[in-house]
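Quick notes on the structure that follows.
Computed from a predicted structure; not experimentally measured.
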Amino acid sequence: MSLINSTILHSKEMHDFHIPVMGLGFTIDTPLKVGRFGINSVVSIMEDDLIESMRKIHCRKSGEAYIPISAEEEDSRAKRIKAYLNLMCKLLNAQMENLKQLSFQNEENDLNKYFKMLPTSHPFAKLYHKMQGSKGTEKLALENILKDSLQAGSIDVNIMTKVDRLSYDKEGNTLPREFSAALSALRGFAQSDLKSNVVFSAGMNPALFGYLESFDDFFPDVHGNIQKGIILKVSDYRSALIQGKFLAKKGLWVKEFRLESGLNCGGHAFATEGQLMGPILEEFKENRNSLKEELASICQQALAVKGKYPLAEDSKMKITAQGGIGTAGENQLLLKHYNLDSTGWGSPFLMVPEATSVNTDTIQRIIKAEKTDFFLSHASPLGVPFNNLRTSTGEQQRKERIAKNRPGSPCYKKVLSSNTEFTKIPICTSSRQYQNLKLKEIKKNSASDEEYQKEAAKITEKDCLCEGLAAPAILSHGEKPGRKLDAVTICPGPNLAYFKGIYKLQEMVDHIYGKHQLKLEQDRPYFFIKELQLYLDYFKKELSEYQASPLPKLGTYLNKFNKNLQSGIQYYKSLLGTTIKESDETINKIKRELESAAKYLKSLPAEHAVS
């Protein structure tokens, strides 16, 4: 018994999948829904008004005292974030204690559910099965070991590095850099009680990364352990190496590199130059050990110079991936062939009310939506392509405002305010103020009504994400968002078009592990193929722009894009029949798609003067 105890109790993770951040509000309280089952999830900490509203809701539901933190209070953003994270930490710890008090005799309770949801290969899943067939003192001893093994899922937080507006006082004076949006969010997490991780997405922000040095929890303690870890969401190996080195030179260890598909994902889409997910993962696989060794060496030297404690000898560097995964077979390919530590399952969990906060009306709109209703838009004020749903109430509201000759949104939260074309203090390009000013400008400068309409459409396509991505979380708890701004923006990945139902948490987890197969739309492409299709569509749009205005720089870019796609296609062909193990029907479909894509790309140089 002691051997089982000492060997198994040191298992680091209960699950080999995680729930990534989704929007501003869809995973805002996911840790309180799935954390007690050992599932890791990520919370956005970019919108502190939403965070304060959710703290109020969960304080009321849990009986905790709620003391408001006004937006007018000094350093309110960091204080709100810290207070909410501490509340979630406290509530999740209480859930875990309650779990230990439950009896295994009740087959339907959360204690049994915890172990039933584990992958069948997990040591505790096997021990649970053994316990069920035991009797007497052996059964009691096994029950105690299982209860001692209970481990909460990590409450990780996400900071989108590009969302880092400066803050101003009541007189309009710029506050010091540490009060910017991203740095304040980091401070709130750093000062919280959590022992978890911050996930940085959308690239490198030197000021934000440098601010990490202000907090001891990001450095090793006397035992070499790090209380608050750093996770980087990256698009390719080169990005991981550059950002990893930047942090390592400061003595900061990257615990995990989280690769996300450039286009087959939800939210903002950061397309690569035609580099596909498979080849990128292969590069990580081939260079994983050298990457770890190089970063560890740099990091240890920097820690020594700073007089800090060194990293523990067994410090791990995880590689994970997410974007468009939809079946157990695809999941296993990533875990086994590419040796990943975990996979991210995002959009499918939007259809699991036990896991995410999505209002009923929005769920029904997703179910009824056609595949063409899921599209890559230019709605984001950040100027980055944004996955959108045509039938959302947010899109309807945007179009209604244009029809009423009142384009743009009232801007209260100013989360994405960054434009200074017309004002000293930045405003948001989705705001009514900006769009009115910009439309007047292009009206004045347009040579024709046709030119004006074309430019106006680009301006008014921008939509308010602060309100739209936060509203569903409030609505799902039976509350009304402030100022009656209850239109919902949904940002699902293209993969969600093939999940047509409302699922229980255990159903989705069992689907991930292959214990149970959800019924997906029959025409769903293999996830690598779906990403290829998305990149081809993206390439064709870029090519169309080049044909209309053949700029040399764009031509060079398209050539590289083309070559990378062709290289990716050849790579996937090499996996068929060996690494990719699917039904004959699926393999044949993959072959046809690869051949079709290759034929199209090879025909381009002769048809179009891209050079």
Closest heavy-atom pair and its distance - Pro494, Leu534:
CG-CD1, 3.8 Å

Can you give me the closest heavy-atom contact between Arg55 and Glu52, atom names plus distance?
NH2-OE2, 2.9 Å

Aromatic plane relationship, Phe115 with Tyr128 - under 30° parallel, 30 to 60° tilted, over 60° perpendicular:
parallel

Parallel, tilted or perpendicular for Phe218 and Phe189, by the 30°/60° rule?
tilted

Scanning both residues in full, the closest heavy-atom pair of Ala65 with Cys59 reads O-SG, 3.6 Å

Check for a donor-acceptor pair, side chain of His15 on one end and backbone N or O of Phe37 on the other, with a separation under 3.5 Å.
yes

Any residue meeting salt bridge (charged side-chain N to carboxylate O under 4.0 Å, His left out) with Lys116, in chain and number order, not counting sequence neighbours
Glu107

Under 30°, 30 to 60°, or over 60°: which ring-plane class applies to Tyr513 and Phe17, parallel, tilted or perpendicular?
perpendicular

Do the rings of Phe124 and His122 sit parallel, tilted or perpendicular, given the 30° and 60° boundaries?
parallel

Checking the side chain of Ser196 only, and the main-chain atoms of Ile155 only, is there a donor and an acceptor separated by less than 3.5 Å?
yes

Taking Thr27 for its side chain and Met22 for its backbone only, find out whether a donor-acceptor pair lies under 3.5 Å.
yes

Identify the heavy atoms of Ser149 and Tyr114 that sit nearest to each other, and give their distance.
O-OH, 4.2 Å

Is the shortest side-chain heavy-atom distance between Phe209 and Leu252 below 4.5 Å?
no

Any donor-acceptor pair under 3.5 Å linking the side chain of Lys147 with the backbone of Gln101?
no

Under the 3.5 angstrom rule, does the side chain of His18 hit a backbone N or O of Thr343 as a donor-acceptor pair?
yes

Inter- and intrachain pairs under salt bridge (Lys or Arg N to Asp or Glu O under 4.0 Å), touching residues 16-42, at least two apart:
Arg36-Asp110

Within the side chain of Asn86, is there an N or O that forms a donor-acceptor pair under 3.5 Å with the backbone of Asp193?
yes

Is there side-chain contact between Leu127 and Ile145, with heavy atoms separated by less than 4.5 Å?
yes

We want to know whether Ser103 and Asn106 form a side-chain donor-acceptor pair, criterion being a heavy-atom distance below 3.5 angstrom.
no

Any donor and acceptor pair, going by atom type alone, linking the side chain of Thr30 with main-chain N or O of Ala355 inside 3.5 Å?
yes

Phe374 backbone acceptor or donor facing Asn387 side chain under 3.5 Å
no

Side chain to side chain, Tyr503 and Glu354, heavy atoms closer than 4.5 Å:
no

More than 12 heavy atoms of other residues, nucleotides or ligands under 6.0 Å from CD of Gln517: is that the case?
no

Check Lys318 with Glu13, please: is the shortest side-chain N to carboxylate O separation under 4.0 Å?
yes

May I ask you to decide if Asp156's main-chain N or O and Asn197's side chain share a donor-acceptor pair within less than 3.5 Å?
no

Presence of salt bridge, Lys316 and Asp341, under 4.0 angstrom:
no

In short, salt bridge (Lys or Arg N to Asp or Glu O under 4.0 Å) pairs touching residues 42-51 with sequence neighbours left out are Glu47-Lys413, Asp48-Arg77, Asp48-Arg80, Asp49-Arg80

So do Phe200 and Ile231 actually touch side chain to side chain, heavy atoms under 4.5 Å?
no

Note, Lys480 side chain near Ile474 side chain (heavy atom, < 4.5 Å)
no

Does the Lys292 side chain pair with the main chain of Ser315, one donor and one acceptor, at a distance under 3.5 Å?
yes

Step by step, work out the ring-ring contact (aromatic ring centres under 6.0 Å, His included) result for Phe219 and Phe215.
CA-CA 8 Å; Phe219 292 101; Phe215 307 100; 9.9 Å; no

Would you indicate whether the side-chain heavy atoms of Asp75 and Arg187 approach each other to under 4.5 Å?
yes

If I compare all heavy atoms of Ser76 with all of Ser70, which pair ends up nearest, and what's the gap?
CB-O, 3.1 Å

Return the minimal non-hydrogen interatomic distance between Met46 and Asn158, and the atom names on each side.
SD-O, 4.0 Å

Does this structure show an ion pair linking Glu479 with Arg60, if we count only N-O contacts that are shorter than 4.0 Å?
yes

